[in-house]
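Throughout, numbering of the chain's residues begins at 1 and tracks the sequence.
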Amino acid sequence: MKYISLTLIALLLLTACDDKAMVNIYHKKITKTPVACMKLRVSPEDSTIAKTLMERYRFDNNCDLTLEVSYKSGIVCNSSYNAAQKTLGTFPSSYLKMELRRGMALQYSYYIDLTSKPTEGDVNSGFDRLEKDIKFR
């Protein structure tokens, strides 16, 4: 019985530390062919997010592939359905989304719920995941 309890506690600790981001790859070819260039669009405009990304990658406004980064903070949910999560302070109040598009066609999407406004660390984590999934030249 003691062994089972220790195993369950270990599993709980491991699952609490995993990445809560959702990634969707809409065109598998994007993961196989190295991306030559991307342009950047941040909405709403945020100099910290833009600066963080420009330090990581040399964006080119003449590319047909666009990395669209969007976020929202201060989200309030008035539903009583999530009352327990809101009381414990674990209910997300922000999100960060990174989408890679060719024209209007969505190629790749990264989304994560956050409990505060996206930080430089959140942006770097998202871009790390993008680099893991998509190869750059």
Side-chain angles (χ1 to χ4, degrees):
M1 183 68 178
K2 189 175 184 179
Y3 177 73
I4 293 172
S5 297
L6 289 174
T7 303
L8 289 174
I9 291 170
L11 285 173
L12 180 64
L13 290 173
L14 289 174
T15 57
C17 296
D18 70 351
D19 185 8
K20 303 288 188 208
M22 292 183 285
V23 172
N24 288 312
I25 300 170
Y26 296 94
H27 292 282
K28 301 292 182 201
K29 185 177 178 183
I30 194 95
T31 62
K32 295 175 176 46
T33 307
V35 170
C37 64
M38 296 184 295
K39 62 182 160 186
L40 177 64
R41 182 175 302 134
V42 179
S43 175
E45 288 185 22
D46 185 289
S47 59
T48 304
I49 292 174
K51 181 179 178 248
T52 301
L53 290 169
M54 287 191 279
E55 289 173 355
R56 302 274 316 258
Y57 186 83
R58 180 170 288 187
F59 292 95
D60 180 356
N61 286 332
N62 296 319
C63 287
D64 66 334
L65 205 56
T66 305
L67 178 62
E68 293 182 0
V69 180
S70 61
Y71 72 94
K72 184 165 184 163
S73 56
I75 299 170
V76 178
C77 178
N78 294 325
S79 171
S80 60
Y81 178 76
N82 298 311
Q85 286 179 315
K86 287 191 283 189
T87 302
L88 295 173
T90 59
F91 196 75
S93 61
S94 301
Y95 71 81
L96 175 67
K97 182 169 42 174
M98 296 183 179
E99 294 179 332
L100 197 54
R101 294 180 178 271
R102 186 173 312 280
M104 292 300 290
L106 190 56
Q107 308 288 307
Y108 175 93
S109 176
Y110 168 93
Y111 175 92
I112 189 164
D113 283 323
L114 303 167
T115 55
S116 62
K117 184 179 180 206
T119 64
E120 187 176 327
D122 296 323
V123 174
N124 277 320
S125 294
F127 198 78
D128 287 344
R129 179 60 192 264
L130 179 71
E131 280 184 315
K132 178 183 167 204
D133 296 335
I134 310 275
K135 305 302 177 232
F136 299 121
R137 283 190 198 169

Leu100 and Thr66: CA distance, side-chain angles, deciding distance, side-chain contact (heavy atoms from CB on, under 4.5 Å) verdict = CA-CA 6 Å; Leu100 197 54; Thr66 305; over 6 Å; no
Got Arg101 and Leu65 here, is their nearest side-chain heavy-atom distance under 4.5 Å?
-> no
Taking all heavy atoms of Asp60 and all of Cys37, pick out the closest pair and write down the distance.
-> CB-CB, 4.4 Å
Kindly give the heavy-atom pair with the smallest separation between Leu106 and Glu99, and that separation in Å.
-> CD1-CB, 3.6 Å
At what distance, to the nearest 0.5 angstrom, does NZ of Lys132 lie from CD1 of Ile134?
-> 12.0 Å
Looking at Val123 and Met98, what are the two nearest heavy atoms and their distance?
-> O-CE, 3.4 Å
In Å and rounded to the nearest 0.5 Å, what is the NZ to NZ distance from Lys72 to Lys97?
-> 11.0 Å
Which value, rounded to the nearest 0.5 Å, describes the distance between Ser70 atom OG and Ile49 atom CD1?
-> 9.0 Å
Would you call Asp128 and Arg56 a salt bridge, using N to O less than 4.0 angstrom?
-> yes
same_hphob_cluster(Met38, Ile25) at 4.5 Å side-chain heavy-atom cutoff = yes
Is it true that Tyr111 and Tyr95 have ring centroids separated by less than 6.0 Å?
-> yes
Determine the minimum heavy-atom distance between Ala21 and Tyr110, stating which atoms define it.
-> CB-CE1, 3.4 Å
Answer with yes or no whether the side chains of Asp133 and Tyr108 bring together a donor and an acceptor at under 3.5 Å.
-> yes
Atom NZ of Lys39 with >12 non-hydrogen neighbours under 6.0 angstrom = yes
Walk me through it: do Ile30 and Arg102 pass the test side-chain contact (heavy atoms from CB on, under 4.5 Å)?
-> CA-CA 10 Å; Ile30 194 95; Arg102 186 173 312 280; 4.2 Å; yes
Can Asp122 and Ser125 be counted as having a side-chain donor-acceptor contact under 3.5 angstrom?
-> no
OG on Ser94 to NZ on Lys117, rounded to 0.5 Å = 9.0 Å
Could you state the interatomic distance from CG (Asp113) to CG (Leu96), rounded to the nearest 0.5 Å?
-> 10.5 Å
Can Tyr71 be reached from Tyr57 by stepping across I, L, V, M, F, W or Y side chains whose heavy atoms are under 4.5 Å apart?
-> yes
Measure the spacing between CG of Asn124 and CD of Glu55 and express it to the nearest 0.5 Å.
-> 8.0 Å
Minimum heavy-atom separation for Glu120 to Thr52, with atom names?
-> CG-OG1, 3.3 Å
Decide yes or no on side-chain contact (heavy atoms from CB on, under 4.5 Å) for Leu67 and Leu130, but give the supporting numbers first.
-> CA-CA 10 Å; Leu67 178 62; Leu130 179 71; 4.1 Å; yes
Heavy-atom nearest pair, Phe136 first then Glu131, reads CE1-CG, 3.3 Å
Are Phe59 and Val35 connected, step by step, through hydrophobic side chains (Ile, Leu, Val, Met, Phe, Trp, Tyr) whose heavy atoms are closer than 4.5 Å?
-> yes
